[in-house]
There are 4 protein chains.
Amino acid sequence: MEQSLQHTIQKTPLVQRRSEQAHQAILQAALDILESSGYRAVTIEAIAAKAGVGKKTIYRWWPSKATVVLEAFTVRTATVVPLPNEGSLRADLYIFLETSFRILRDVTGNIVRSLMAEAQFDPAFGEEFRVTFINARREALTELFKRGIQRGELRADSNLDFLVDMIYGPMWYRLLNRHAPLDEAFAHQLSDFVLSATQPTHRNG
Amino acid sequence: MEQSLQHTIQKTPLVQRRSEQAHQAILQAALDILESSGYRAVTIEAIAAKAGVGKKTIYRWWPSKATVVLEAFTVRTATVVPLPNEGSLRADLYIFLETSFRILRDVTGNIVRSLMAEAQFDPAFGEEFRVTFINARREALTELFKRGIQRGELRADSNLDFLVDMIYGPMWYRLLNRHAPLDEAFAHQLSDFVLSATQPTHRNG
Amino acid sequence: MEQSLQHTIQKTPLVQRRSEQAHQAILQAALDILESSGYRAVTIEAIAAKAGVGKKTIYRWWPSKATVVLEAFTVRTATVVPLPNEGSLRADLYIFLETSFRILRDVTGNIVRSLMAEAQFDPAFGEEFRVTFINARREALTELFKRGIQRGELRADSNLDFLVDMIYGPMWYRLLNRHAPLDEAFAHQLSDFVLSATQPTHRNG
Amino acid sequence: MEQSLQHTIQKTPLVQRRSEQAHQAILQAALDILESSGYRAVTIEAIAAKAGVGKKTIYRWWPSKATVVLEAFTVRTATVVPLPNEGSLRADLYIFLETSFRILRDVTGNIVRSLMAEAQFDPAFGEEFRVTFINARREALTELFKRGIQRGELRADSNLDFLVDMIYGPMWYRLLNRHAPLDEAFAHQLSDFVLSATQPTHRNG
DNA sequence: GACTAACCGAGACGGTACGTCCCGTCTTAAG
DNA sequence: CTTAAGACGGGACGTACCGTCTCGGTTAGTC
């Protein structure tokens, strides 16, 4: 983020000569603590100590520990957003969900839950979390639905943002509330349900 | 809580009863701070100071500040769960949602968001939150659906728990993620969508 | 102290019907904690718990934990004040000192040190400690000197209080300051020194 | 303390130097509380509040409040150890005692009593108190006696440590036990008594 | 090649809140 | 109507982190 300006004008070269080594050490330390001791144990002081870095260095580049964790999580782990293309919306949606669920079922789920929780207390981080994390996933899902429209599997005037809410809402609800698992059955139910409510023939039949 | 055993043998009520005065002062103080300064300002020390109570007294009866806030919130505020009965599932569902949304749009929404966030960090509180708060609301919604089945508006073999997820999921998602409002339009969209996916086939057959 | 009134008039029988059992249990508990964990671990709460007694019961009969310890120490342990009678002041003094030193060398020394320390912080206890403990020992020593005067080993106009200070002062100094031991050598040095400064023939010779 | 190594290799002065400002503020605050409210009112929290300093800063540099008070007392107050040189041991000793007594008769006496009391409960502090405070005074007195030996007023083989005990013992005893005052009369009695017991035999032979 | 400005590690700093320990008083129920 | 049991308001403890700051030292252009 702070580097995105460097390849543009580059008229003030002495500014922000960050140490890439320290940068990576910080992200790695955050991940290590996260995996070994959980989000609660992640503190700026612990990260600094583990990374062999001054606290100032962390504060220089990130506004909060949640932001560090978010970057560590998105950059250092290969948490790619799935974008299946199986030929049918039903199949794509199911695979998208089952892939997402599988990722969330392991430690990743706990990290994501912690980040969403942190977002409730820290509005600035909330905004960043939405932009960086949530929206990327919403757009992938939107892309799936758009393909469905192109194939005629979905009405062209469907409210895609709303459909995305109908998919991600129940997923997050189960993730955060833990009253029921994010399993294959749920992936089937959820994709079937949303498609059954949106199939063009049924809706206007 | 400690009185629930009294109708049995009454041989071990040696548990000293709590001071009702202190109890209420604590809940009120928690609410006051919550409303005036937000959840972040709620600390055990602040509650104790405002309630004119020793910290130990709070720790004696509640395991965490989240638990105090939950009790203050559920007991002292009239946050009744809506249970409309308008004659049709569609109307009941819409009114249920619009009533819920209206409550969540004011400060209550922030409290609820904070509690859900806290539940992510504190498993014990998470369990209590689910049982005390979430489940009560799930059951009310389930009751609505059951009436719909009785009226023939819903298939008798509908998976009600899943339907509840499809209603509460998107609501919580918007509440926590704040990418879109919990307004009347969403109440309409959501109730219509769920009903359109669940209308008994023989009605449209 | 509070019993000293009971065998006098006894016209108000229902007042102060202290439980002798509780009384002894408290003293014993104080001693037990003292010996097993040291003076620092002696608290009213610990005594009450160990004695199976309410805290109120302790506060009813003693003003402070130091007072409890003092009574436990003087009443329940057989810490008799030595009063040797060997026929000469020199012998009596040495035996008195060596006996006292021997007692102070074991745990008793620590208790006595703690009580003297407590007396510095709590003036009321300080007074009681002086009257109950210190003065009894000063009087014993004074008695020794008086016998010395009768035998002609000491001038009749000797300032006995001052002589007592010259004996007990160095003893307490070593006890509290711990820079040198309270051993037999010191008992000899001390008694010899005081006698050499007070022998009638040398002084006026 | 951390500067004492600087004249050597200067390769490991990585210990961050303490803030002299905070250091002095803490000592001053301790003294202020001590003089205005007594030793009992001296708490780490009170010192921190009065000095405008975090509690951690105090704990970083001192192990206990007694240590803070000791440093405040020895460094910030001009409690010089008297070292008279009047030409005779008798005069020097009397002036030494009367000067010491005068200092102990005011608030200083209470501080010193409190420190000695604290030393009974806290062995580590006891050691520091002995080394820092007690020993400095013992050495001054020893110096007096050594001059007496040089002048021929004292036998060359006198046990000076024992003589110091015979002077300081009674002083401390009266200071702590408060059964009699530290007045000029006692200064005379004490110095006379010790000298009368130690006069070289060949002088009176 | 020396200068110099920024970064860097280390961690001290003022500060807030934590959860615990005891204090001395007060309340309850049980005998 | 006195107990034991322990809850109560309160004060201080020593700890954990916060976010800011102050040090030397290191390093990377620029002069």
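Chain naming here is simple, since letters A, B, ... match the order of the sequence lines and numbering starts at 1 in each. The figures that follow rest on heavy atoms only: side chains count, while hydrogens, waters and symmetry mates do not.
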So, taking the atom named OG1 in B/Thr67 and the one named CG in B/Leu115, what distance separates them when rounded to the nearest 0.5 Å? 9.5 Å

Whole-Å distance, C/Ile58 CD1 to F/dG6 C1', equals 13 Å

Whole-Å gap separating C1' (E/dA17) and CD (D/Glu45): 11 Å

Whichever of C/Val53 and B/Glu20 has its nearest DNA chain F nucleotide further upstream toward 5': C/Val53

As an exercise, state the distance from CZ of B/Phe121 to CG of A/Asn110, rounded to the nearest 0.5 Å. 11.0 Å

Distance-only, no hydrogens or angles: does the B/Gln120 side chain make a donor-acceptor pair with backbone N or O of B/Met116 under 3.5 Å? yes

Over all strands shown, is B/Ala46 touching base, sugar-phosphate only, or nothing at heavy-atom distances under 4.0 angstrom? nothing

Within the structure, does a side-chain N or O atom of D/Thr57 lie under 4.0 Å from either OP1 or OP2 of E/dA12? no

Assign each of C/Gly54 and D/Ile44 the nucleotide of DNA chain F bearing its closest heavy atom; nearer the 5' end lies the nucleotide of C/Gly54

So what does D/Ala22 hit on the nucleic acid, given a heavy-atom distance under 4.0 Å: a base, only sugar-phosphate, or nothing? sugar-phosphate

Is the shortest side-chain N/O distance from C/Trp61 to OP1 or OP2 of F/dT3 below 4.0 Å? no

Using the side-chain heavy atoms of A/Lys56, tell me which of these nucleotides is nearest: E/dC21, F/dC18, F/dC21. F/dC21

Do any side-chain nitrogens or oxygens of D/Arg60 fall under 4.0 Å of OP1 or OP2 in E/dA12? yes

Round to the nearest Å and state the distance from B/His23 atom NE2 to F/dA7 atom P. 15 Å

Taking 4.0 angstrom as the limit, do A/Glu118 and A/Arg40 come out as a salt bridge? no

